[in-house]
Amino acid sequence: MLDLNTLADLSRGNCISICAFLVPANLLVTILTISLVALRRPLHQVWQSAGIASFFASVMILHVYTWFLIGVVMPPTYILLWLAITCLVANLAAILFQRRYSNSPSLSN
């Protein structure tokens, strides 16, 4: 059976390495999603990129909440939470923008 306390301790114990991976991964995949929308790539590519980015952002939110559970309230926890939520919103906005404007004609001549 999965013990959530052990998983939370593992998350807090490896915070530097988890954040060293998740912060750039969130930023890079979110930028990739926005780029795919700007380049008018097919919807399935945008969905795939947004799904991966949302997974990374969700893992970061869960990681931050493990710190909130033990009472650590510091600027880095709020900054990481803000980053993850911003990435989630940006990916959702990219999907909605792609779906809304995918059938509209191109503005170029």
Side-chain angles (χ1 to χ4, degrees):
M1 185 169 171
L2 183 66
D3 184 19
L4 294 178
N5 288 327
T6 305
L7 193 59
D9 288 338
L10 179 74
S11 174
R12 288 188 300 267
N14 296 311
C15 182
I16 299 296
S17 55
I18 289 172
C19 290
F21 172 75
L22 286 178
V23 170
N26 269 321
L27 293 174
L28 289 175
V29 182
T30 300
I31 290 170
L32 175 66
T33 303
I34 293 169
S35 299
L36 289 173
V37 170
L39 295 173
R40 296 183 180 261
R41 301 301 300 167
L43 190 60
H44 72 278
Q45 289 179 354
V46 175
W47 271 92
Q48 184 179 19
S49 177
I52 294 168
S54 298
F55 173 75
F56 287 149
S58 299
V59 169
M60 183 178 286
I61 289 172
L62 292 174
H63 172 66
V64 169
Y65 279 139
T66 63
W67 285 104
F68 285 149
L69 286 174
I70 63 168
V72 175
V73 180
M74 294 174 50
T77 53
Y78 288 111
I79 292 168
L80 290 173
L81 186 62
W82 173 81
L83 174 69
I85 291 171
T86 302
C87 287
L88 281 174
V89 170
N91 285 296
L92 177 64
I95 290 172
L96 294 176
F97 184 85
Q98 176 79 2
R99 288 186 65 181
R100 181 171 181 161
Y101 293 108
S102 64
N103 294 332
S104 64
S106 177
L107 297 176
S108 64
N109 290 331

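- Cluster membership for Val64 and Val89, using ILVMFWY side-chain heavy atoms within less than 4.5 angstrom, is shared.
- Rounded to the nearest 0.5 Å, atoms CG (Asn5) and CG (Leu10) are 12.5 Å apart.
- Taken together through direct or relayed side-chain contacts under 4.5 Å among Ile, Leu, Val, Met, Phe, Trp and Tyr, Leu62 and Leu69 form parts of separate hydrophobic clusters.
- Other members of the hydrophobic cluster containing Val72, listed by chain and number, are Trp67, Ile70, Met74; membership follows side-chain contacts under 4.5 Å among ILVMFWY residues, whether direct or relayed.
- Residues forming a side chain to side chain contact (heavy atoms under 4.5 Å, CB included) with Gln48 (at least two apart in sequence, or on another chain): Ile52.
- Annotation: side chain to side chain contact (heavy atoms under 4.5 Å, CB included) contacts of Ile18 (sequence neighbours excluded): Ser11, Asn14, Leu22, His63.
- Identified under the ring-ring contact (aromatic ring centres under 6.0 Å, His included) test for residues 16-47, with sequence neighbours left out: Phe21-Phe56.
- Through chains of ILVMFWY side-chain contacts below 4.5 Å, Leu92 is grouped with Leu96.
- Applying the side chain to side chain donor-acceptor pair (under 3.5 Å) test to Thr6 and every residue at least two apart in sequence or in another chain returns Asp3.
- Nearest heavy atom pair, residue Val37 against residue Ala94, reads CG2-O, 3.5 Å.
- There is a path of hydrophobic side-chain contacts, each under 4.5 Å, that joins Phe55 to Leu80.
- Atom CZ of residue Arg40 and atom CD of residue Gln98 lie 8.0 Å apart, to the nearest 0.5 angstrom.
- Taking the side chain to side chain contact (heavy atoms under 4.5 Å, CB included) definition, one finds that Leu27 meets it with Val23, Leu83, sequence neighbours left out.
- For residues 23-39, every residue pair satisfying the side-chain hydrogen bond (donor to acceptor under 3.5 Å, both in side chains) rule, not counting sequence neighbours, is listed here: Thr30-Asn91, Thr33-Ser49, Thr33-Asn91.
- Residues meeting the side chain to side chain contact (heavy atoms under 4.5 Å, CB included) test with Ile61, sequence neighbours left out: Tyr65, Leu81, Ala84, Ile85, Leu88.
- Under the salt bridge (Lys or Arg N to Asp or Glu O under 4.0 Å) criterion, no residue pair touches residues 58-78, with sequence neighbours excluded.
- Between Tyr78 and Val73 there is a side-chain heavy-atom pair separated by less than 4.5 Å.
- In this view, Arg12 and Asp9 satisfy the salt bridge (Lys or Arg N to Asp or Glu O under 4.0 Å) rule, not counting sequence neighbours.
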